[in-house]
*Asks:* 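Below is one structure. I have some questions about it.
Both ligands and their constituent atoms are indexed starting at 1 by order of listing. Residues: numbered from 1 along the sequence shown.
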Amino acid sequence: MRGKFIALEGPDGSGKSTMMNLINQYLVEHHIDHIITREPGGTAIGEKIRHLIVDRDNANMGPETEALLFAASRAQHIHEKILPALEQGKTVVCDRFLLSSLAYQGVGRGLGIGEVKAINDFGLRGIYPDLILFFHVDPEITLLRKTKEGGDRLEAEGGIFHREVYEGYMTLLKKYPENITLVDAAKPIEEVYKQTIEAIDNLLRFKEEKR
Ligand code: TYD
């Protein structure tokens, strides 16, 4: 049976990376055959693309180029890593996926959700997460947490961009609510962890029952 695909989504500074590590530990402890991966990147080719995207020297990159590079990195990720792992019955946990492109490029860069979805669909091969954990934090909090140090080319964008991205996510939650679980990431880490694991348990238990 095909494995389950879990994606983590949320604005910069929503604590996804910390939660990724804890999810990994949890799956290891419970002997769940899984892989942990991230976007942009996840493959050798994808990591090269990631480097191009986040490099602050590439200040004059056009928004369309940026969107196509994210889509290219994702297509390679699906081809080389996500689809083969799912076909081997593994659970795949990915830090960011399609919704990031729809929020950051579609809304943040103003390219349009439909337009960005269309260029991504080409490489998706029908793959969509079985569970999207959306880490919700008010943008005022995340901006304080994240942009203090300057960050990469996208993180270094100003508050207006990140507010647009946040509004974009809010639109997407209504437009594509399927498989999305909202996690209140402003809560203490123990509470965020509890909400996260509950959603993962529900998904994986469902898988056991279907077998
Ligand atoms: P990421 O490494 O996930 O940043 P962080 O770990 O700090 O959340 O992603 C790098 C940046 O790329 C981040 O600002 C989000 C952005 N991004 C997009 O704009 N579009 C996308 O499709 C993806 C996957 C990420």
*Asks:* What orientation do Y193 and Y26 show, parallel under 30°, tilted 30 to 60°, or perpendicular over 60°?
*Replies:*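 Rings of Y193 and Y26: perpendicular, as their planes differ by over 60°.
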*Asks:* Which ligand 1 atoms, with their elements, are less than 4.0 angstrom from a heavy-atom of E39?
*Replies:*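 Under 4.0 Å from E39, ligand 1 has these atoms: 3 (O), 24 (C).
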*Asks:* Examine the proximity of ligand 1 to K16 and report which part, side chain or backbone, both or neither, has a heavy atom under 4.0 Å away.
*Replies:*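 For K16, only side-chain atoms sit under 4.0 Å from ligand 1.
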*Asks:* Under the criterion salt bridge (Lys or Arg N to Asp or Glu O under 4.0 Å), I'd like the reasoning laid out for R153 against E66: C-alpha separation, chi angles, the key distance, then a yes or no.
*Replies:* CA-CA 11 Å; R153 197 175 57 82; E66 182 182 287; 2.9 Å; yes
*Asks:* Salt-bridged, R163 to E157, with N to O below 4.0 Å?
*Replies:*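 Salt bridge: no.
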*Asks:* Which residue from H162, Q105, H77, R96 reaches closest to atom 3 (O) of ligand 1 through any of its heavy atoms?
*Replies:*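 Looking at heavy atoms only, the winner is R96.
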*Asks:* Side chain, backbone, both or neither: which part of R50 has a heavy atom under 4.0 Å from ligand 1?
*Replies:*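 The answer is the side chain.
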*Asks:* Could you tell me whether Y104 and ligand 1 have an N or O pair separated by under 3.5 Å?
*Replies:*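 No, Y104 has no N/O under 3.5 Å of an N/O on ligand 1.
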*Asks:* Could you tell me, atom by atom, which parts of ligand 1 come under 4.0 Å of a heavy atom of S100?
*Replies:*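 Contacts of ligand 1 toward S100, numbered from 1: 20 (N), 21 (C), 22 (O), 23 (C), 24 (C).
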*Asks:* Heavy atom under 4.0 Å from ligand 1: found in D152's side chain, backbone, both, or neither?
*Replies:*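 Contact part for D152 vs ligand 1: side chain (C-beta onward).
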*Asks:* Under 3.5 Å, side chain of N24 to main-chain N/O of M20, donor-acceptor pair present?
*Replies:*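 No, the answer is negative, given that no donor and acceptor are paired below the 3.5 Å cut-off.
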*Asks:* So, does H162 use its side chain to make a donor-acceptor pair with the main chain of L154 at under 3.5 Å?
*Replies:*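 Yes.
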*Asks:* Can you sort out which atoms of ligand 1 are near L154, meaning under 4.0 Å from one of its heavy atoms?
*Replies:*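 With L154 as reference, the close atoms of ligand 1 come out as 12 (O), 14 (O), 19 (O).
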*Asks:* Is a donor on one side and an acceptor on the other found under 3.5 Å between the side chain of T171 and the backbone of E167?
*Replies:*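 Indeed, once roles are kept as given, a pair shorter than 3.5 Å links the two residues.
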*Asks:* I'd like to know if E39 and R50 make a salt bridge, using a cut-off of under 4.0 Å between side-chain N and carboxylate O.
*Replies:*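 No, E39 and R50 are not salt-bridged.
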*Asks:* Considering only heavy atoms, which of R74, R109, E66, M20 lies nearest to atom 24 (C) of ligand 1?
*Replies:*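 Answer by nearest heavy atom: R74.
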